[in-house]
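These notes concern the structure reproduced below.
Owing to the predicted nature of the structure, the values given are computational and were not obtained by experimental measurement. Just so we're on the same page: letters track the sequence lines, and every chain starts at 1.
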There are 2 protein chains.
Amino acid sequence: MCPSRPTRDPATPLREAILQEARTLLEGEGYAALSTRRIASAVGCTATSIYLHFKSKDSLIYALIDEGFEELNRRVVEVSKGDGNALSLLHDVARAYVDFGLERPEYYEIMFMLRAEQMERYPVDAYRRARRSLDVFAELTALPAQEAARRGAIVWSTLHGLVSLLIAQRIDISLDREALIEDSIHSACLGAFAALPSGANSA
Amino acid sequence: MCPSRPTRDPATPLREAILQEARTLLEGEGYAALSTRRIASAVGCTATSIYLHFKSKDSLIYALIDEGFEELNRRVVEVSKGDGNALSLLHDVARAYVDFGLERPEYYEIMFMLRAEQMERYPVDAYRRARRSLDVFAELTALPAQEAARRGAIVWSTLHGLVSLLIAQRIDISLDREALIEDSIHSACLGAFAALPSGANSA
DNA sequence: GTCTTACAGTTTACGCTGTCAACCTGGAAT
DNA sequence: ATTCCAGGTTGACAGCGTAAACTGTAAGAC
């Protein structure tokens, strides 16, 4: 009970406090509100102190991105272990992906919707590992590797298009949202299993 | 041949010169490089002069967005007037959409990939008009309005997912790009015409 | 018990951003 | 000749990420 240390809780080390505040700010006000100075003032330190614990602002964001991927992976892997045929499993996994995006739009935004040049510095291996849940799409097609990879990418990009446009509020609000989502997921699953031009001659 | 006016060509009025420089900068270095001061110095005026011709930096961007939509609309409408059944027309229109995105990625980025809060101020009616080409997807399904709108949205979001991930370089480069594109387009067309869950009971 | 070293902060500063308020200036209208 | 105004400039403000230099404090070595 020493009386020193005025503003910040000394129990949580600064790094964790910064991360916590970044999370709060991201979820509460979105990526655009994340500035080093805002985080610092909310946490009770100076902006430059952040650089004692993170190489750059980007690497702080990457920590949040990692957390996002962890949750997405957890959700997807859990659903993928359910029972049912490949098609219904794929449907459920796709649903889990979409639900994640719509329930945690701020995380989805920094994970998948940030500008490429900003993302470039994200370590490649970390990205591979992080995207692990996307491979589930490919695996569920039970096709030869190359073909599966393409089908997985098709499913992913279809779902990503839906989620990103919904998050950005670019889809006409007069549309029945739930019907659109369910139909899109079905369409994505079709894209995974239906006959497609490259299917015959790409193995 | 009056000897005054050192830097800027007096023939082109400033507004057009600003737009031209913004175009050049966007295409050459991308959206992130677009700053009022850079535009101004390249054009030979001060940054604040831009505000004599545009309400804000955003409204300057909107002018570029409008140009992008104009080109996209032109491409899509032209292709949609070709002959062939609805399916092959839809395929060609989808291809035109994807080609536009991949050939003019910087324009696609400001048109479809900018953050929502930034886009909010874009006038609603302008957006409706601008998105005209997206309605072509819906019209080609030849379905009742509501159902067509949903199918059109599915096609659009599928293509948008593909284009945006390709632009952001998030698709595994080991994939055969052309095969992925062609398969995605086919999958999108499937989504427009195949039986989907909401199809039966939504009219 | 003093000296050293290292860590964990702060202060200050630089160059960049969009934008506003005030000022200036040349030419047309009265 | 005077006034007005469109179209520019200058200067400033608040905010951004971040680098460099400085400070206080705690632990270890002698």
- For A:Asp176, which residues count as a salt bridge (charged side-chain N to carboxylate O under 4.0 Å, His left out) partner, sequence neighbours excluded? none
- Message: Does A:Thr48 contact C:dT11 through a side-chain donor or acceptor facing the base, at a distance under 3.5 Å?
- Response: yes
- Watson-Crick or G-U pairs under 3.5 Å in DNA chain C, rendered as dot-bracket with [ ] for crossing pairs and | for another strand: ||||||||||||||||||||||||||||||
- Query: A:Ser49 near the nucleic acid: base, sugar-phosphate alone, or nothing, with a heavy-atom cut-off under 4.0 Å?
  - Reply: base
Between the protein and nucleotides 22-24 of chain C, are there any N/O to N/O pairs under 3.5 Å, and if so, what are the atom names and distances?
none

Expected list for residues 73-80 of chain A: side-chain donor-acceptor pairs under 3.5 angstrom, two or more places apart:
unit_1, atom_1, unit_2, atom_2, d
A:Asn73, OD1, A:Ser133, N, 3.1
A:Asn73, OD1, A:Ser133, OG, 2.9
A:Asn73, ND2, A:Phe69, O, 3.2
A:Asn73, ND2, A:Ala130, O, 3.4
A:Arg75, NE, A:Glu71, OE2, 3.2
A:Arg75, NH1, A:Glu103, OE1, 2.9
A:Arg75, NH2, A:Glu71, OE2, 3.0
A:Arg75, NH2, A:Glu103, OE1, 2.9
A:Ser80, OG, A:Val77, O, 2.8

- Mind checking what makes salt bridge (charged side-chain N to carboxylate O under 4.0 Å, His left out) contact with B:Arg177, not counting sequence neighbours? none
- Message: Between B:Ala47 and A:Ser35, which residue's closest nucleotide on DNA chain D lies nearer the 5′ terminus?
- Response: B:Ala47
- Listed partners of A:Arg132 passing salt bridge (charged side-chain N to carboxylate O under 4.0 Å, His left out), at least two apart: none
- Item | Residues that B:Glu70 engages under salt bridge (charged side-chain N to carboxylate O under 4.0 Å, His left out), provided they are two or more places apart | none
- Item | Carboxylate-amine/guanidinium proximity below 4.0 Å for A:Arg38 and A:Glu21 | no
- Hey, which of these two, A:His53 or B:Lys57, hits DNA chain C nearer its 5' end, going by closest nucleotide? A:His53
- Query: What residues, two or more places apart in sequence or in another chain, satisfy side chain to side chain contact (heavy atoms under 4.5 Å, CB included) together with B:Thr48?
  - Reply: B:Thr46
- Could you pick out which residue, A:Arg37 or A:Thr46, lies toward the 5' side of DNA chain C when each is mapped onto its nearest nucleotide? A:Thr46
- Query: Of all residues at least two apart in sequence or in a different chain, which pass the ring-ring contact (aromatic ring centres under 6.0 Å, His included) check with B:His53?
  - Reply: none
